[in-house]
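This report refers to the structure that appears directly beneath it.
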Amino acid sequence: MSNTTEHTTIDGQLFRSMVIEGALAIRDKKEQANELNVFPVPDGDTGTNMSLTMAAAMDEMAKLDGPPLSKAVDTTASALLRGARGNSGVILSLLFRGLAKKLREKEQADGRDLAIALREGVDTAYKAVMKPAEGTILTVSRVAAQYALEKCQADPALPVAAVLDAVLERGETALAETTAQNPVLAKAGVVDAGGFGFLAIWGGMRDAFLGIRRTHTAAPVANRTAADFGAISDEDITYTYCTEFIAERRDKSRNVARMRALLGEIGDSLVVVEDDDIVKVHVHTDEPNKAIGEGLKFGPLLTVKIENMREQHTAKVLEETAPVPKERVIAAPEKKYGFVAVAAGAGLKSVFTDLGVDRVVQGGQTMNPSTNDILRAVDAVPAEIVYMLPNNKNIIMAAEQAAHLSDKTVIVIPTKNIPQGISALLVFDPDGEQGQNTAGMTGATAGVRAGQVTYAARDSEFDGKKIKEGEYLALCEGKLCASHKKAYDVLKKLVREMVEPDSAFATIIFGEGVTAEDAARVEELFRKENKNLEVTVIDGGQPVYYYILSVE
C-alpha cells in the first residue's frame, strides 16, 4: 500500500478510485464473508455475490478518465444494478442508487453530503425490501448511516475522512450486534455476512480517500454464467437428434417405465412426463424413428419435434462469436405471453423448454445470474408479457430488478425452487387473462413440497448438530432434515418427511453423478411410503443437488 494523501472533498475521479478500492477490498475478503454463511450447503455465497456485483462497477469505472462526480456516481449505480447477483448484491446496488441520487447534484461532496447520501441509500434499500429483517446488511448500513448523519448535524463541517471513520466505527458495533438480533446467527455464533461485506467495501473506499492503494489491481476473473459453445466440438455431441413428442395414452395398460428403459438404451438427456391422458418424451438419440415408434405404441402422436443438434451447435457458435451489439436488442412481440426461467443442467433446461419457456438462464445454486443476465433473456423473448421464474430464493430480487429495467411487461412469479417453477408452468392458460394466470401460477407454488439432497460445503454446527464437510445433506422446505456420510440414509429420512397419506404426485429430478439405477431406488422409497403415488423420474443433469424432489 502507498502513503496517504490529503483530501477534503470527493470529486468524480476520487469517487472512481473509491469504488475500485471498495471492489478490491471485498474481493480480498469474499471468502471470509462466505465462511459466515450459516447453512453449510453450497450456494450463491454472500461474499462471492457482493464481490462480483462490485466487480461490475469496477469494470465500468476503469473505462472513465477524470469523470465529473455526477457521471461517476450514476455509472456506478447503473453498473451495480445490472451486475447485481443474489439478494446481497441487489441490496448493495440499492444503497449506491440512493447514494447517487444525492451526490449527482454535487460537483464535489463534503462530509455532510456523503452522510446525507448514504442515508438516502439506506432509505432506498429499505423501500425495495418487502419484509426487512433485523440483523442484516440493512441493519448495519442503517445504524452506521444514522450515526454518521448525527455527527454531521452536531458538526456540519465534519471532514469526509471523519464521516467514513464514523460509518466504519458504528458499523463494526452494529455488525457485532447482528449475532443477537438474528436467531439463526445466534445459534451459529457468527455475524451477518452481508453486513461484513458492506463494511469491507466501505473500508476500501476509506483507504482510497486517504490515498491508500492496493498493489494487486488485476481485474477479477469473470464469472461465466453460460456455456462456452465455441469450446465444444461436434465430437462432444454424443447423439445427433433432439427428439420430442407427446403421445395420447389410449393404451392405458402399456408400461411407461419399460418405454423409459428402452429409450435410455438408445439415447441420453431423457425426460419422460406422464399423466392419465398423455405421455411426453424428450430424448437425444441417433434413432428418432425408434423413439417415435415407442410413443406410437401408446396411441396417436399429438406433437412431434426433431432437431439436428449438430446443426444447432454450429449456428450457436456463429451466433456467440458474432460482434456483440453495443445497444440492447429487444425482440418485437410476436405473441402475448412468454417465459424466462433460471435453471442449471441440460435435462432441466429441456424440461422448461418443453413446458413452453422461451429462454432458460443458466444458473441457480453457486451460480446466481446477474440482473443483466436476466434482462438480456427477457429482451430476447418475442412477447408482450414475460413471466419470470427465478426458481431460487436468492435470485428473486435480481429478477425483480430486471423487471423494473425492462421495456416489456415482466411479471416475476417468486418461485424458490425448481419444482415450484414446473408447477407454475403446468397451470398456465395461454388463453387466460394476465391477472388470472398470475394468480394461478403463484397459487400453484403453494401446493408444492420440495426437498433436495446436496453436500456440506464446510464443517459447521447447525441446530446443535455437528456437520462434517462432504457429508450428504437432506433439505426439506429449505430446512435441514438429515445429514450422513451415506446418501441413501438421508434420502430415506427425506422421503419419509415429505410424503403424506394424501400425497398424489411425486417427482424425482436426479443430477450430475447420479445414475438412473440410483434414481430408481429413490422411486422405490417413495412407493414404500405411499403405494398410490404417481412418480415421475427426470434426468435433470443439475450440478450441486444430487436430487431435487417434490411432492404434491
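Numbers here simply count residues along the sequence, with the first being 1. Model, not experiment: these values are computed from the prediction.
Lys393 pairs by the salt bridge (Lys or Arg N to Asp or Glu O under 4.0 Å) definition with nothing, not counting sequence neighbours. Considering only residues two or more places apart in sequence or on other chains, Arg527 meets the salt bridge (Lys or Arg N to Asp or Glu O under 4.0 Å) condition with Glu523. With sequence neighbours excluded, the residues that form a salt bridge (Lys or Arg N to Asp or Glu O under 4.0 Å) with Glu294 are Lys297. Looking at residues two or more places apart in sequence or on another chain, you find a side-chain contact (heavy atoms from CB on, under 4.5 Å) between Asp358 and Lys335, Phe339, Val381. Residues satisfying the side-chain contact (heavy atoms from CB on, under 4.5 Å) test with Ala482, not counting sequence neighbours, are Ala474, Val490, Lys493. Annotation: salt bridge (Lys or Arg N to Asp or Glu O under 4.0 Å) contacts of Glu524 (sequence neighbours excluded): none. Applying the side-chain contact (heavy atoms from CB on, under 4.5 Å) rule to Glu497 yields the partners Arg449, Cys476, Cys481; only residues at least two apart in sequence or on another chain are considered. Judged as a side-chain hydrogen bond (donor to acceptor under 3.5 Å, both in side chains), and not counting sequence neighbours, the contacts of Asn391 are Thr415.
In plain terms, the two heavy atoms of Arg359 and Ala377 that are nearest each other are CG-O, 3.7 Å. Considering all non-hydrogen atoms of both residues, Thr53 and Arg85 come closest at OG1-N, 3.1 Å. The two atoms that bring Ala291 and Ile266 nearest to each other are N-CD1, 4.1 Å, heavy atoms only. In plain terms, the two heavy atoms of Ala424 and Val427 that are nearest each other are O-CG2, 3.3 Å. The shortest non-hydrogen separation linking Ala398 to Thr371 is O-OG1, 3.6 Å. Across Ala444 and Ser423, no two heavy atoms sit closer than the pair CB-O, 3.8 Å.
Taking CD1 of Ile385 as the start and OH of Tyr387 as the end, the distance is 6.0 Å to the nearest 0.5 Å. For the atom pair CG (Leu473) and OG (Ser483), the distance works out to 6.0 Å, reported to the nearest 0.5 Å. With rounding to the nearest 0.5 Å, the separation of NZ in Lys30 from CE in Met54 is 14.0 Å. Taken to the nearest 0.5 Å, the CD1 atom of Ile292 stands 7.0 Å off from the CZ atom of Phe245. Rounding to the nearest 0.5 Å gives a distance of 7.5 Å between OG1 of Thr139 and CG of Asp192. For the atom pair NZ of Lys416 and CD1 of Ile396, the computed distance is 6.0 Å after rounding to the nearest 0.5 Å.
Side-chain contact between Thr445 and Val448 is absent, with no heavy-atom pair separated by less than 4.5 Å. The shortest distance between side-chain heavy atoms of Ile422 and Ile509 falls below 4.5 Å. Counting only heavy atoms from C-beta outward, the side chains of Leu175 and Leu199 approach each other to under 4.5 Å. Using a 4.5 Å heavy-atom cutoff, the side chains of Pro369 and Ile395 are in contact. Side-chain contact between Val410 and His404 is absent, with no heavy-atom pair separated by less than 4.5 Å. No side-chain heavy atom of Val191 sits less than 4.5 Å from a side-chain heavy atom of Leu185. Counting heavy atoms from C-beta outward, Ser406 and Leu375 have side chains that approach closer than 4.5 Å. Residues Val281 and Met259 form a side-chain contact, since some pair of their non-hydrogen atoms from C-beta on lies under 4.5 Å apart.
Applying the side-chain hydrogen bond (donor to acceptor under 3.5 Å, both in side chains) test to residues at least two apart or on different chains, the pairs with a partner in residues 498-517 are Thr515-Glu517, Thr515-Asp518. The stretch residues 250-269 participates, sequence neighbours left out, in no ring pair (Phe, Tyr, Trp, His ring centres under 6.0 Å) pair at all. Within the structure, every pair that satisfies the ring pair (Phe, Tyr, Trp, His ring centres under 6.0 Å) test and touches residues 467-517, not counting sequence neighbours, is listed here: Tyr472-Tyr546. The list of salt bridge (Lys or Arg N to Asp or Glu O under 4.0 Å) pairs with a residue in residues 418-430, not counting sequence neighbours, is empty.
Looking only at distances, no side-chain donor or acceptor of Lys290 sits under 3.5 Å from a matching main-chain atom of Leu263. Remark: side-chain polar atoms of Thr442 are paired, donor with acceptor, to backbone N or O of Thr438 under 3.5 angstrom. Without hydrogens or angle criteria, Gln32 side chain to Lys29 main chain gives no donor-acceptor distance under 3.5 Å. Remark: side-chain polar atoms of Thr454 are paired, donor with acceptor, to backbone N or O of Val544 under 3.5 angstrom. A donor-acceptor pair under 3.5 Å links the side-chain atoms of Asn394 to the main chain of Asn87, judged by distance alone. Side chain of Thr46 to main chain of Ala193: no donor-acceptor pair is present (N/O by atom type, distance under 3.5 Å, no hydrogens or angles). Under the 3.5 Å distance criterion, the side-chain polar atoms of Lys252 are matched with a main-chain donor or acceptor of Arg249.
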**OP:** Go through Val351 and Ile538 one step at a time and tell me if the side chain to side chain contact (heavy atoms under 4.5 Å, CB included) criterion holds.
**Re:** CA-CA 9 Å; Val351 169; Ile538 299 172; 3.7 Å; yes
Original post:
Are Thr136 and Asn182 close enough, and set up right, to give a side-chain hydrogen bond (donor to acceptor under 3.5 Å, both in side chains), and what steps lead you there?
Top reply: CA-CA 8 Å; Thr136 67; Asn182 187 314; over 6 Å; no
**OP:** Show the numbers, then the answer: is there a side-chain hydrogen bond (donor to acceptor under 3.5 Å, both in side chains) between Gln401 and Ser93?
**Re:** CA-CA 10 Å; Gln401 294 304 309; Ser93 75; 5.4 Å; no
Subject >> side-chain hydrogen bond (donor to acceptor under 3.5 Å, both in side chains) between Ser370 and Asn372, intermediate numbers included >> reply: CA-CA 5 Å; Ser370 69; Asn372 213 34; 5.7 Å; no
**OP:** Decide side chain to side chain contact (heavy atoms under 4.5 Å, CB included) for Leu494 and Leu549; before the verdict, give the C-alpha distance in whole Å, the side-chain angles of both, and the deciding distance to 0.1 Å.
**Re:** CA-CA 9 Å; Leu494 179 58; Leu549 311 176; 3.7 Å; yes
**OP:** List the steps and the verdict of side-chain hydrogen bond (donor to acceptor under 3.5 Å, both in side chains) for Thr240 and Asp286.
**Re:** CA-CA 6 Å; Thr240 301; Asp286 286 332; 3.2 Å; yes
**OP:** Show your working on side chain to side chain contact (heavy atoms under 4.5 Å, CB included) between Tyr545 and Val453 and close with a plain yes or no.
**Re:** CA-CA 6 Å; Tyr545 289 131; Val453 174; over 6 Å; no
Subject >> Derivation and outcome, side chain to side chain contact (heavy atoms under 4.5 Å, CB included), residues Met50 and Ile201 >> reply: CA-CA 9 Å; Met50 295 183 81; Ile201 292 164; 4.2 Å; yes
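Salt bridge status for Glu477 with Lys479: absent, with no side-chain N to carboxylate O gap under 4.0 Å. With respect to Lys486 and Asp489, no salt bridge is recorded, no charged nitrogen being found less than 4.0 Å from a carboxylate O.
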